[in-house]
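This is the structure I want to talk about, given as structure tokens.
Lettering follows sequence order; numbering is per chain, from 1. The structure displayed is predicted, hence computed values, not measured ones.
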Amino acid sequence: MQIASFNINGIRARAQALLDWLDEDGPDIALLQEIKCTDDAFPRAPFEDRGYRVETHGQKSFNGVAILSRLPLEDVVRGLPGDADDGQARWIEATAIGDVAVRVCGLYLPNGNPAPGPKYDYKLAWMARLEERARALLATEEPVVMAGDYNVIPQAEDAARPEAWAEDALYRPETRAAFRRILNLGLTDAFRVQTRGAGHFTFWDYQRGAWERDDGIRIDHALLSPQAADLLADVRIEAALRGRDKPSDHVPLRLTLSPG
DNA sequence: ATGTCGGCATTGTGCCGA
């Protein structure tokens, strides 16, 4: 089973690039972030024509997450628990029924800039809610994949120029500590199972020629429960997509899970 | 210091969010 996470930065602006990617080497499941549209505005037909079921959790203009799946999905849940007043569409989960059943969670964690300030407070509060959701999911002792745009640079090696991010909400000590608290529940950063060291990025800003200079950061992550980590066969960052026409500023992170 | 996008309110372009 292949599961990819991809912040597409607007489904309507990115539909053709996304379809080209799916046609070339589509994963079984794509967890999308920043669809930037309401559920009824999502262009479902071309994805359904390619055999993908489409589950969305959108809102007007900003944020929004979705699951595309060639496998059957059960028990779709929209919205991160823990704050009934939170109107931002940043979380969707479902159980994918492949050769093994996997709980797949797609997330778009708040950016949090400027920090400090109310947006940063919201980010940290959202991360506390994510920690609670992760605890509950881990208690099921089932394979769980929580993948998406975490807007967290975990360590200095995850930025080309870490000094430039020192005061940024993506890298501040409180942000990284909150991310570690989640990892320390017993989750695995899938990318780091296979690849150590610096220079592996999932995001390059549109500004300042960041892609051409390889001035990137690793902020898209897949966190695995122990039962999912047991299944992990491969992880790759599909960096080449960043060099295409009309790219997103993020690239896909793709996992292969296989039993036995 | 700045450099770019996507979406929106709008028919020109400036604002917001990233």
> Which value, rounded to the nearest 0.5 Å, describes the distance between A/Ile8 atom CD1 and A/His250 atom NE2?
Replying inline: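 With rounding to 0.5 Å, CD1 (A/Ile8) is 11.0 Å from NE2 (A/His250).
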> Is it the case that A/Ser225 and A/Glu142 place a side-chain donor and acceptor less than 3.5 Å from each other?
Replying inline: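 Result is no, nothing qualifies.
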>> Does B/dC5 have OP1 or OP2 under 4.0 Å away from a side-chain N or O of A/Arg242?
In response: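 Checking B/dC5 against A/Arg242, no side-chain N or O comes under 4.0 Å of OP1 or OP2.
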> Rounded to the Å, how far apart are A/Arg90 CZ and B/dA18 P?
Replying inline: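 Those two atoms, CZ and P, are 6 Å apart.
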> Rounded to the nearest Å, what distance is computed from the NZ atom of residue A/Lys60 to the C1' atom of nucleotide B/dC16?
Replying inline: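 Interatomic distance, NZ of A/Lys60 to C1' of B/dC16: 14 Å.
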> Once you round it to whole Å, what is the distance between P of B/dG17 and CG of A/Leu109?
Replying inline: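 Taking CG of A/Leu109 and P of B/dG17, I get 18 Å after rounding.
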>> On DNA chain B, does the nearest nucleotide to A/Ile35 precede the nearest nucleotide to A/Asp149 from the 5' side, or the other way round? Give the residue.
In response: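 It is A/Ile35 whose nearest nucleotide is closer to the 5' end.
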> Could you state the CG-P distance from A/Asn63 to B/dG7, rounded to the nearest angstrom?
Replying inline: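 Checked: the CG to P distance equals 13 Å.
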> Is A/Ile237 reachable from A/Leu224 through a run of I, L, V, M, F, W or Y residues, each pair having side-chain heavy atoms under 4.5 Å apart?
Replying inline: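 Yes.
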>> I want to confirm an ordering. Mapping A/Tyr206 and A/Phe62 to their closest nucleotides on DNA chain B, which one lands closer to the 5' end?
In response: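 Taking each residue's closest nucleotide, the earlier one in sequence belongs to A/Tyr206.
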>> Let's see if you can work this out: which of B/dA18, B/dG6, B/dC8 has an atom nearest to the side-chain heavy atoms of A/Arg12?
In response: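 From the listed options, B/dC8 comes nearest.
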> How many Å lie between CH2 on A/Trp165 and P on B/dA18, as a whole number?
Replying inline: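 Whole-Å distance recorded here is 13 Å.
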>> Under 4.0 Å, counting only non-hydrogen atoms across every strand here, what does A/Phe203 touch: a base, just sugar-phosphate, or nothing?
In response: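 Nothing, no heavy atom under 4.0 Å.
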> Counting side-chain heavy atoms from CB outward, which of B/dA18, B/dG7, B/dG3 is closest to A/Arg208?
Replying inline: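 Nearest to the side-chain atoms of A/Arg208, counting from C-beta on, is B/dG3.
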> Given atom CG of A/Asn9 and atom C1' of B/dT4, what is their separation to the nearest angstrom?
Replying inline: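 Atom CG in A/Asn9 sits about 10 Å away from atom C1' in B/dT4.
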> In whole Å, what separates the P atom of B/dC5 from that of B/dA1?
Replying inline: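 Those two atoms are separated by 22 Å.
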>> For A/Trp21 and A/Glu238: C-alpha separation, side-chain torsions, deciding distance, then whether side chain to side chain donor-acceptor pair (under 3.5 Å) applies.
In response: CA-CA 10 Å; A/Trp21 175 65; A/Glu238 300 190 65; 3.3 Å; yes
>> Taking the P atom in each of B/dT2 and B/dT13, what is the distance between them to the nearest angstrom?
In response: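 The answer is 24 Å between these two P atoms.
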> Starting at CZ of A/Arg14 and ending at C1' of B/dT4, how long is that distance when rounded to a whole Å?
Replying inline: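 The answer, rounded to whole Å, is 12 Å.
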> Are OP1 or OP2 of B/dT4 and a side-chain N or O of A/Gln207 less than 4.0 angstrom apart?
Replying inline: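 False: A/Gln207 side-chain N/O out of range (4.0 Å or more) of B/dT4 OP1/OP2.
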> Between B/dC5 and A/Lys36, is there an OP1 or OP2 to side-chain N/O distance shorter than 4.0 Å?
Replying inline: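 False: A/Lys36 side-chain N/O out of range (4.0 Å or more) of B/dC5 OP1/OP2.
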>> From CG of A/Leu170 over to P of B/dG17, roughly how many Å is that when rounded to an integer?
In response: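 It works out to 16 Å between those atoms.
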> With a distance cut-off below 6.0 Å to the six-membered ring centre and an angular limit of 45° from the axis, does A/Arg172 pair with A/Tyr120 as a cation-pi contact?
Replying inline: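 Yes, a cation-pi geometry.
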> Is A/Lys246 near enough to B/dC5 that one of its side-chain N or O atoms lies under 4.0 angstrom from OP1 or OP2?
Replying inline: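 The answer is no; no side-chain N or O of A/Lys246 sits under 4.0 Å from OP1 or OP2.
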